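Below: the structure, in structure tokens.
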Amino acid sequence: MFVELAIFIISSLFFYYLYVHKKIHNFFVKRGVKFLPGIPMFGNVCNSLFTTKHFIEDLEIVYRAFPDERYVGFIEGTTPIILIRDPELAKAITVKDFDHFVNHKDFFSKDTDPLFGGSLFMMKDDKWRDMRFTLSPAFTGSKMRLMMNFMSEVSHNIMDYLKENNSDEIHVDDLVRRYTLDVIASAGFGLQVNSVKDKKNDFFKMGINLFYFNIKQKIIIFISTQFPKIGKKLGLTLFSKEVMDFFKTTVKNTISYRENNNVVRPDMIQLLMEATKGTLKAGNTEKDEVTTTEDSKSKTVAREWTEDEIIGQVFIFFAAGFESSAGAITMAIHELAVNPEVQEKLYQEIKQFEKINKVLSYENVSQLKYMDCVINETLRKWTAAIFMDRVCTKPYELPPPRKGGKPYLLNPGDIVYNMVNVIHMDEKYHPKPEVFDPDRFSDENKHKIQPFTFVPFGMGPRNCIASRFAILEMKVFLYDLVLHYKVVKSKRTSDPIRLHSNDFNIRALGGTYVKFEPRD
Ligand code: HEM
Ligand SMILES: *[C@@H]1O[C@H](CO)[C@@H](O)[C@H](O)[C@H]1NC(C)=O
Ligand SMILES: *[C@@H]1O[C@H](CO)[C@@H](O)[C@H](O)[C@H]1NC(C)=O
Ligand SMILES: *[C@@H]1O[C@H](CO)[C@@H](O)[C@H](O)[C@H]1NC(C)=O
């Protein structure tokens, strides 16, 4: 009896998925959009779901299958998605016609995760506009100058630590995550954490917890994305109660400490506190520098934010700022180890700079031109962006996918993925994409890069709000490291570098291990 029931259920599921799968095929066929058939229930994401490939590679397979299409169909589980191949079309969607594509798709609903769900990244429409406007002043040039001090302080802590504890082989993934964690703790929360010394501090534990999904969390993600109603009924949440409570308590305590002791520190939490009280001037004096949507430039924000909403924003700064920049810095160090001539050129520039300026300052960091090229080349190969997902909010007609094809009408709720990493690695736009060549970005060569084929921080009003912060954070650390150490290969340094496939993060297969040889 039990066996029969099981067979019945499994075969019903099988036929159900077969039916859904067929429906998606018909959907694309009817609209004249090409696609790869994929597998029922999993579509085109089988490899990444079972961790045999990174998600970027699943996208790349579909992207490369149709070199002459402007867009193709991508089947994510049971969801049909339009994958935009053409950079010009991606520009239209993310910049010119942004009004039709204001929101990100719901990865996790607000119920699955209130902190992430309530953050700027997931906010929608006018609420997003207001919050973006509220937060933008935190990332202007003058704020970056102040935040750079926090970065330098943390970077110096790490250099001090390395002086005494430089082992044979450095696990760069770990070391750099301690850097970005301490930076975001300081610049975001106003907390002085020294993660290299205090290895097991709560902050670091929470950060690691957030990004390394165990099997239980993977199942929750699968249920919540495939069967949102069931997920909601079961009250599934992505992050453990422990992690969420930690953030809530930390933010609340910091706010009340500051209020009671009249402490003012130029960090993100301060800005958010001012925003809730309405003391923050919305008509910012640095209007040229504020990254906001055009229409919000002159208006003032009347909306009052609740404490939970504030916590959500501090949380997203933490979540978005910790892993993405750590991945980029780690890959930069890995590339320097396997490209010694690039490293030497960078070292010469830094040494020269130090001779003249003594210390790295916000005023003259832009003199480091080759550093800029190294960072951009790192972000070309290894940005955490993956794609720019957008949900259609107003009907929109895509031009035909090819000459002679018919236009495609997107309806509200339809999802498009604009490609980032696969375009960065397409030889059509970046010749010999595997080669780490910072000179692609030199003054002589820069003009050869087609517009919108290098977008590590996304595009348009919904791009990364903190791109300057991230670039500065990378520069501060690489400057100190390359000035004091020569990064050399150790036994475990992989070359060429391959992407791991355990999760969405950007990390080298087998990890990044190198040796740091002290200079002089
Ligand atoms: C190298 C490091 C980083 C990379 C590669 C990166 C990349 C991105 C990308 C691709 C997006 C989406 C853009 C789009 O869809 O067009 C984004 C959004 C965002 N990033 Fe970053 N990011 C980095 C560092 C940071 C840091 C350090 C913070 C915070 C301190 C941060 C906060 C955010 C936020 C809040 C959003 C959502 C913006 C919105 O929806 O309005 N990111 N980032
Ligand atoms: C670093 O080295 C110092 C001096 O050798 C030692 O006292 C300290 O315990 C080491 N710290 C760590 C975290 O290994
Ligand atoms: C670099 O910045 C420092 C500190 O802001 C300043 O004193 C110095 O004159 C600057 N150097 C150059 C060459 O502009
Ligand atoms: C590096 O990329 C940024 C965009 O992320 C761009 O603004 C900057 O001009 C680039 N630098 C060089 C040297 O190409």
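Keep in mind that what you see is a predicted model, and the values were worked out from it rather than measured. We count ligands from 1, going down the list as the structure has it; atoms in each ligand are counted the same way.
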Next item on the list: Look at D439 together with K345 and state whether they make a salt bridge at an N to O cut-off of under 4.0 Å.
Entry: yes
Item checked: Test item: T512 side-chain N/O and A508 main-chain N/O as donor-acceptor pair under 3.5 Å -> no
Margin query: Donor-acceptor pair, distance only, cut-off 3.5 Å: does the side chain of T493 make one with the backbone of Y513?
Written below: yes
Please identify which atoms of ligand 1 are closer than 4.0 Å to at least one heavy atom of [X].
| X | result |
| --- | --- |
| L120 | 35 (C), 38 (C), 39 (C), 40 (O), 41 (O) |
| S325 | 1 (C), 2 (C) |
| M459 | 16 (O) |
| H104 | 15 (O) |
| W128 | 39 (C), 40 (O), 41 (O) |

Checklist line | Neighbouring protein residues of ligand 4 - any heavy atom closer than 4.0 Å | finding: D372, N376, F441, K446, F454
Among protein heavy atoms, which lies nearest [atom], and at what distance?
| atom | answer |
| --- | --- |
| atom 37 (C) of ligand 1 | F121 CD1, 3.4 Å |
| atom 10 (C) of ligand 1 | A385 CB, 3.3 Å |
| atom 40 (O) of ligand 1 | R462 NE, 2.9 Å |

Next item on the list: Might you work through the side-chain hydrogen bond (donor to acceptor under 3.5 Å, both in side chains) test for S195 and N201, ending with a clear yes or no?
Entry: CA-CA 7 Å; S195 298; N201 72 78; 3.1 Å; yes
Checklist line | For H500 against H54, the heavy-atom pair lying closest together | finding: O-CD2, 3.3 Å
Identify whether NZ of Lys or CZ of Arg in [X] sits under 6.0 Å from the centre of the six-membered ring of [Y] and within 45° of that ring's axis.
| X | Y | answer |
| --- | --- | --- |
| R468 | F139 | no |
| R85 | Y63 | yes |
| R380 | F441 | no |

So, 4.0 Å and heavy atoms of [X]: is ligand 1 close enough to count as a contact?
| X | value |
| --- | --- |
| T383 | yes |
| R390 | yes |
| F322 | no |

Is [X] touching ligand 1 with its side chain, its backbone, both, or neither, if touching means heavy atoms under 4.0 Å apart?
| X | result |
| --- | --- |
| M474 | neither |
| P456 | backbone |
| R132 | side chain |

Notebook entry, point to check: Is it true that atom NZ of K124 has more than 12 heavy atoms of other residues, nucleotides or ligands lying nearer than 6.0 Å?
Noted result: yes
Next item on the list: Determine, using ring centers only, whether F454 and Y429 are less than 6.0 Å apart.
Entry: no
Notebook entry, point to check: Centres of the F317 and F322 rings: under 6.0 Å?
Noted result: no
Notebook entry, point to check: Counting no waters, what protein N/O/S atoms lie under 2.8 Å from atom 21 (Fe) of ligand 1?
Noted result: C464 SG
Indicate yes or no: at least one non-hydrogen side-chain atom of [X] is less than 4.5 angstrom from one of [Y].
| X | Y | result |
| --- | --- | --- |
| I423 | P87 | yes |
| Y179 | S155 | yes |
| Y417 | M388 | no |

Check: Distance from M151 atom CE to N149 atom CG, nearest 0.5 Å?
Finding: 9.5 Å
Notebook entry, point to check: If you measure from CZ on F55 to CD on E76, what distance do you get to the nearest 0.5 Å?
Noted result: 4.5 Å
